[in-house]
Colleague: 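I'd like to ask some things about the structure below.
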Amino acid sequence: MHSAATKDISSQGGPASAAMSEVKVLIAAGGTGGHVYPAIAIADALRESYDDIDILFVGTKDHMEWKTVPKAGYDITSIWISGFHRRLTPKNLLFPFKLATSLVQSLGILGKFKPDVVISCGGYAAGPIGWVAAKKGVPLIVQEQNSYPGVTNRILGKSAEHIFTAFKDADHYFPIEKTEVAGNPTRKSLTDVDSRQAYKSFGFSEDKKTLLVLGGSGGAKSINEAMLQNIEKLHDNMELQIIWQCGKRYYDQLRRDIDPQTYEHLLLKDFIHDMPSAYEVADIVVSRAGALSCAELALTGNASILVPSPNVAGNHQTKNAQSMVEEGAAEMAADEELKETLPALVKKVISSDDKLEQMKRAAKELARPEAAKTIANKILALVKQKKSEI
């Protein structure tokens, strides 16, 4: 398993001590970047805080965590599980078999790895692992990214030792005595970027303004359609450099629809692996309003146009976007109107350097860069307490 050799938090007066033996942490997260990246941020903070730690991730082989987690330097193992579709579909016939298999696999993983603590950051894989951990008496920690918690974390919250939320609204869905608002963990690497090198990596000029378009890790159909309809206005008329993450499922078709020779300053990507550089060069970001996206935009101090997804439970993306707009950090666009409103909104922000700077300052004021460290310290304190009780 992955083991790190970094400084002990005890030297900083933190919760760990040199007497505490190796700490084994199992982190379950998967499905989307909104679950996976906060999990990696927590793992990084744990590894920085304690020098004798072993971290293992649990996910599924057919989702992004299977590639993203190893790239971040951590081991990952898999269980066979998927979501239960709300509409009638033949895929649901397999769900009982997947669930039973995943529970047996979870027992095996917990028995072999013997974690001191299990952390659920949501997603399919977190359900079986978290449930089995709680039944076996392994301390369970829940980290919830959204104002309206996902089904997995809502279920696991009843058995959790402690629950970290990013929005106060989420507290209504968990036992209040276990809940703490800590903010969303974000990757430290997002702000550790050489600006000149970032521009060079994209082949862009520092003298031209750059638009970064994100649709989440899977892409967003409405954002892609709005971009396709308005690409000439944005690229030619406004003379913007554009990095457009469209999502793997849309990439091939968009490559056929857009002649790359026509748009010299357009980079169409199915997925952006170097997000720190992308945020660094961006003057304005068009994005969904998922909790992680909002947290990253705040941390990097980026002005944004947020397009809440209409397809999420509890309408939490609209609530996320409204809080950013109220603080002056973002503009908000309705998903169904984006084709018509996108050019005017981009021009409104990009044409005024004063407005851009005001929005960037407002975004930074919303940031909680200490979230991952806060969560890591509390987890280490819990492990120390449990070890002392043995």
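Since this is a predicted model, take the numbers as computed values, not measurements. Counting from 1, the numbers follow the sequence of the chain as shown.
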Colleague: Assess whether atom NZ of Lys233 is packed by more than 12 heavy atoms of other residues, nucleotides or ligands within 6.0 Å.
Modeller: no

Colleague: Do Cys246 and Lys269 have side chains that get closer than 4.5 Å, going by heavy atoms?
Modeller: no

Colleague: Atom CD1 of Ile53 and atom CZ of Arg47: how far apart are they, to the nearest 0.5 Å?
Modeller: 9.5 Å

Colleague: Would the number of heavy atoms belonging to other residues, nucleotides or ligands and lying under 6.0 Å from CD of Glu239 be above 12?
Modeller: no

Colleague: Got a second to check how far Ile129's CD1 is from Ile109's CD1, nearest 0.5 Å?
Modeller: 4.5 Å

Colleague: Please report the shortest heavy-atom distance between Leu212 and Ala282, naming the atom on each side.
Modeller: CB-CB, 3.7 Å

Colleague: Can you tell whether the side chains of Lys387 and Asp116 come within less than 4.0 Å, N to carboxylate O?
Modeller: yes

Colleague: If you take the centroid of each ring, where Trp contributes its six-membered ring, are His63 and Tyr124 closer together than 6.0 Å?
Modeller: yes

Colleague: Are the charged groups of Arg154 and Glu144 less than 4.0 angstrom apart, N to O?
Modeller: no

Colleague: Which atom pairs, donor and acceptor, lie under 3.5 Å between side-chain atoms of residues 338-349 and protein residues at least two apart or in another chain?
Modeller:
from, atom 1, to, atom 2, distance (Å)
Thr341, OG1, Glu337, O, 3.1
Lys348, NZ, Glu331, OE1, 3.4
Lys348, NZ, Glu331, OE2, 3.3

Colleague: Kindly assign one of parallel, tilted or perpendicular to the pair Tyr148 and Tyr173, based on the angle between their ring planes and the thresholds 30° and 60°.
Modeller: perpendicular

Colleague: NZ of Lys67: more than 12 outside heavy atoms within 6.0 angstrom?
Modeller: no

Colleague: Once you round to the nearest 0.5 Å, how far does NZ of Lys61 lie from CD1 of Ile79?
Modeller: 12.5 Å

Colleague: With hydrophobic residues grouped by side-chain heavy-atom distances under 4.5 Å, do Ile350 and Leu306 end up in a single group?
Modeller: no

Colleague: Other residues, nucleotides and ligands only: do more than 12 of their heavy atoms fall within 6.0 Å of NZ on Lys319?
Modeller: yes

Colleague: If you draw a 6.0 Å radius around CD in Glu206, do more than 12 non-hydrogen atoms from other residues or ligands fall strictly inside?
Modeller: yes

Colleague: In the single-linkage hydrophobic clustering (I, L, V, M, F, W, Y; side-chain heavy atoms under 4.5 Å), do Val286 and Tyr251 co-cluster?
Modeller: yes

Colleague: Kindly give the heavy-atom pair with the smallest separation between Gly130 and Leu140, and that separation in Å.
Modeller: O-CD2, 3.8 Å

Colleague: Got Asp283 and Asn302 here, is their nearest side-chain heavy-atom distance under 4.5 Å?
Modeller: no

Colleague: For the side chain to side chain contact (heavy atoms under 4.5 Å, CB included) test, which of Leu268, Ile231, Leu267 pairs with Ile242?
Modeller: Ile231

Colleague: Side-chain heavy atoms under 4.5 angstrom apart, residues restricted to Ile, Leu, Val, Met, Phe, Trp, Tyr: same cluster for Leu297 and Ile284?
Modeller: no

Colleague: Kindly give the heavy-atom pair with the smallest separation between Ala372 and Ala41, and that separation in Å.
Modeller: CB-O, 3.7 Å

Colleague: Does a sphere of radius 6.0 Å around CD in Glu264 hold more than 12 heavy atoms from other residues, nucleotides or ligands, not counting ones at 6.0 Å or beyond?
Modeller: no

Colleague: For His35 and Gly30, which heavy atoms make the closest approach, and how far apart are they?
Modeller: CD2-O, 3.2 Å

Colleague: CH2 of Trp131 to OG of Ser102: how many Å apart, nearest 0.5 Å?
Modeller: 10.0 Å

Colleague: Membership question, hydrophobic clusters at under 4.5 Å side-chain separation (ILVMFWY): are Leu211 and Leu228 in the same one?
Modeller: yes

Colleague: Report, as yes or no, whether the 6.0 Å neighbourhood of atom CG on Asp259 holds more than 12 heavy atoms from other residues, nucleotides or ligands.
Modeller: yes

Colleague: Would you give the length of the straight line joining atom CD1 of Ile243 to atom CG of Leu214, rounded to the nearest 0.5 angstrom?
Modeller: 9.0 Å

Colleague: Considering only NZ, NE, NH1 and NH2 on the basic side and carboxylate oxygens on the acidic side, decide whether Glu161 and Lys386 come within less than 4.0 Å.
Modeller: yes

Colleague: Just checking His162 against Phe164, ring centres under 6.0 Å apart?
Modeller: yes

Colleague: Below 4.0 angstrom, N of the basic side chain to O of the carboxylate: do Glu180 and Lys378 qualify?
Modeller: yes

Colleague: Please answer: with hydrophobic residues joined when any side-chain heavy atoms are less than 4.5 Å apart, are Met238 and Trp244 in the same cluster?
Modeller: yes

Colleague: Is the shortest side-chain N to carboxylate O distance from Asp353 to Lys360 below 4.0 Å?
Modeller: no

Colleague: Check whether the ring centres of Phe57 and Tyr74 lie less than 6.0 Å apart, and answer yes or no.
Modeller: yes

Colleague: With rounding to the nearest 0.5 angstrom, report the OG to CE distance, Ser304 to Met332.
Modeller: 11.0 Å

